[in-house]
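Lettering of chains follows the sequences in order, A, B, ..., and the numbering in each one begins at 1. These numbers were taken from a predicted model, which means no experiment stands behind them.
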There are 2 protein chains.
Amino acid sequence: MLQLRCDDINADWKERALGLRDAVELFRGKWKFVILKTLAHGPLRFKDLQEKLNISPKVLTRELRELEQNLLIVRTIRKMKQISVEYAVTEYARETKWILETLISFGENHRKKIKAQVKA
Amino acid sequence: MLQLRCDDINADWKERALGLRDAVELFRGKWKFVILKTLAHGPLRFKDLQEKLNISPKVLTRELRELEQNLLIVRTIRKMKQISVEYAVTEYARETKWILETLISFGENHRKKIKAQVKA
DNA sequence: CAGAATCCGGTCAGATACTG
DNA sequence: CAGTATCTGACCGGATTCTG
């Protein structure tokens, strides 16, 4: 929790900034969106993801953990001859699709605007 | 531009991921939202911002530059006895308010969901 | 005043090698 | 197979000092 000073009349939106950060962090970084999209076609194992995305195991592990903690994917272990771990998107992840779409279209428009400005 | 492999049927959303990144980066970090909110009350000089936010000059400079490049603020130099540089939010910044609000409320809901899950 | 330069500790993405 | 361990180099936020 951020410590606020007495003369700080902005306490309310400093709290709101935390909500913003949560949302931003959720889809931040190079991989989260890509992983979600890849799993949208159907569940995949660790190895499959690694090969499809060309990502190092350490990074993949961390990204998967974060997505799991945010309830966007589920991790299920299958005891075969060889251990197999399957990752799948959750219903909640599908419910978040709208905000992803919102962000993407906003981002694309924004990019256009910046480009136009640079030329002008 | 990302290089895509032949077997890659996902070229379209790899491009869309760029839009997402633009949007996410726009309000990322510790300061951008706070600066925008602070300037929403009216233009301020570098020094004012520095004192209000208790931020180091290097970081403040970088954040202001990024916001300026993204057309969210404008920088105007006033030649007084002492040089004075004023920063103000743009109309475009006001137009982006809706997406900030969207992200914030989504983030707050998400936070609640995660907390509830942890307890359960 | 507005910032640039420098130094710092921490985190991040990635490559690589190794383990149960 | 599904990761962990280790090391790297880049970047981030910050403190401090210096300059036009």
Side-chain angles (χ1 to χ4, degrees), chain A residues 1-3 5 14 17-18 20-22 24-36 38-39 42-70 73-88, chain B residues 2-3 5 14 17-18 20-22 24-39 42-70 73-88:
Chain A
M1 196 59 183
L2 292 168
Q3 192 58 35
R5 284 175 299 163
K14 282 202 176 177
L18 296 179
L20 177 62
R21 275 196 113 168
D22 281 359
V24 165
E25 291 302 310
L26 200 56
F27 302 115
R28 229 209 94 209
K30 189 173 173 179
W31 295 112
K32 292 191 179 66
F33 173 69
V34 175
I35 292 171
L36 287 175
T38 304
L39 290 179
L44 288 174
R45 289 170 304 154
F46 189 88
K47 184 85 182 308
D48 298 330
L49 278 169
Q50 199 181 329
E51 287 171 354
K52 281 216 177 198
L53 303 180
N54 200 28
I55 181 177
S56 80
K58 192 192 76 172
V59 175
L60 179 56
T61 300
R62 191 192 54 222
E63 298 293 309
L64 290 171
R65 293 278 186 277
E66 289 176 17
L67 288 170
E68 193 191 0
Q69 280 168 15
N70 282 312
I73 62 172
V74 280
R75 177 179 181 269
T76 46
I77 305 173
R78 301 170 179 282
K79 294 264 180 197
M80 326 273 280
K81 319 159 189 176
Q82 282 284 58
I83 279 181
S84 162
V85 178
E86 200 175 74
Y87 293 90
Chain B
L2 290 168
Q3 193 58 34
R5 284 174 300 164
K14 284 202 175 177
L18 296 179
L20 177 62
R21 271 195 116 170
D22 281 358
V24 165
E25 292 300 311
L26 200 56
F27 304 114
R28 230 208 91 212
K30 189 173 172 179
W31 295 112
K32 291 191 180 65
F33 173 69
V34 176
I35 291 171
L36 287 175
K37 270 294 176 186
T38 304
L39 290 179
L44 288 174
R45 289 171 304 154
F46 189 89
K47 185 85 181 306
D48 299 331
L49 277 168
Q50 199 181 328
E51 287 172 353
K52 279 214 179 199
L53 303 179
N54 200 27
I55 182 178
S56 79
K58 191 192 76 171
V59 176
L60 180 55
T61 299
R62 190 191 56 221
E63 298 293 309
L64 289 171
R65 292 279 186 276
E66 289 177 16
L67 288 170
E68 193 191 359
Q69 280 168 16
N70 282 313
I73 61 173
V74 281
R75 177 178 181 269
T76 45
I77 306 174
R78 303 171 179 280
K79 293 261 180 197
M80 325 273 281
K81 317 161 193 182
Q82 281 285 56
I83 280 180
S84 163
V85 177
E86 200 176 75
Y87 293 90

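Residues passing the side-chain hydrogen bond (donor to acceptor under 3.5 Å, both in side chains) test with B:Arg75, sequence neighbours excluded: B:Tyr87. Scored by the salt bridge (Lys or Arg N to Asp or Glu O under 4.0 Å) test, B:Glu68 finds no partners at all (sequence neighbours excluded). In this structure, the side-chain contact (heavy atoms from CB on, under 4.5 Å) partners of B:Glu25, at least two apart in sequence or on a different chain, are A:Arg28, B:Arg28. Applying the salt bridge (Lys or Arg N to Asp or Glu O under 4.0 Å) rule to B:Lys58 yields no partners; only residues at least two apart in sequence or on another chain are considered. By the side-chain hydrogen bond (donor to acceptor under 3.5 Å, both in side chains) test, A:Glu86 pairs with A:Arg78, sequence neighbours left out. Residues forming a salt bridge (Lys or Arg N to Asp or Glu O under 4.0 Å) with B:Lys37 (at least two apart in sequence, or on another chain): none. Under the rule for a salt bridge (Lys or Arg N to Asp or Glu O under 4.0 Å), B:Arg65 has no partner lying at least two apart in sequence or in another chain. Taking the side-chain hydrogen bond (donor to acceptor under 3.5 Å, both in side chains) definition, one finds that A:Arg62 meets it with nothing, sequence neighbours left out.
Read 5' to 3', the first and last nucleotides of DNA chain C with an atom closer than 4.0 Å to a heavy atom of chain A are C:dA13 to C:dA17.
Looking at every heavy atom in both residues, B:Phe46 comes nearest to B:Pro57 through CZ-O, 3.8 Å.
The bend of the helix from C:dC1-D:dG20 to C:dG20-D:dC1, defined by the angle between the axes of its first five and last five pairs, stands at 30° to the nearest 10°.
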Scan nucleotides 9-11 of chain D against the protein and return all N/O pairs shorter than 3.5 Å with their distances rounded to 0.1 Å.
none

Base versus backbone protein contacts along nucleotides 14-20 of chain D [heavy-atom cut-off under 4.0 Å; B, S, -]:
BBB----

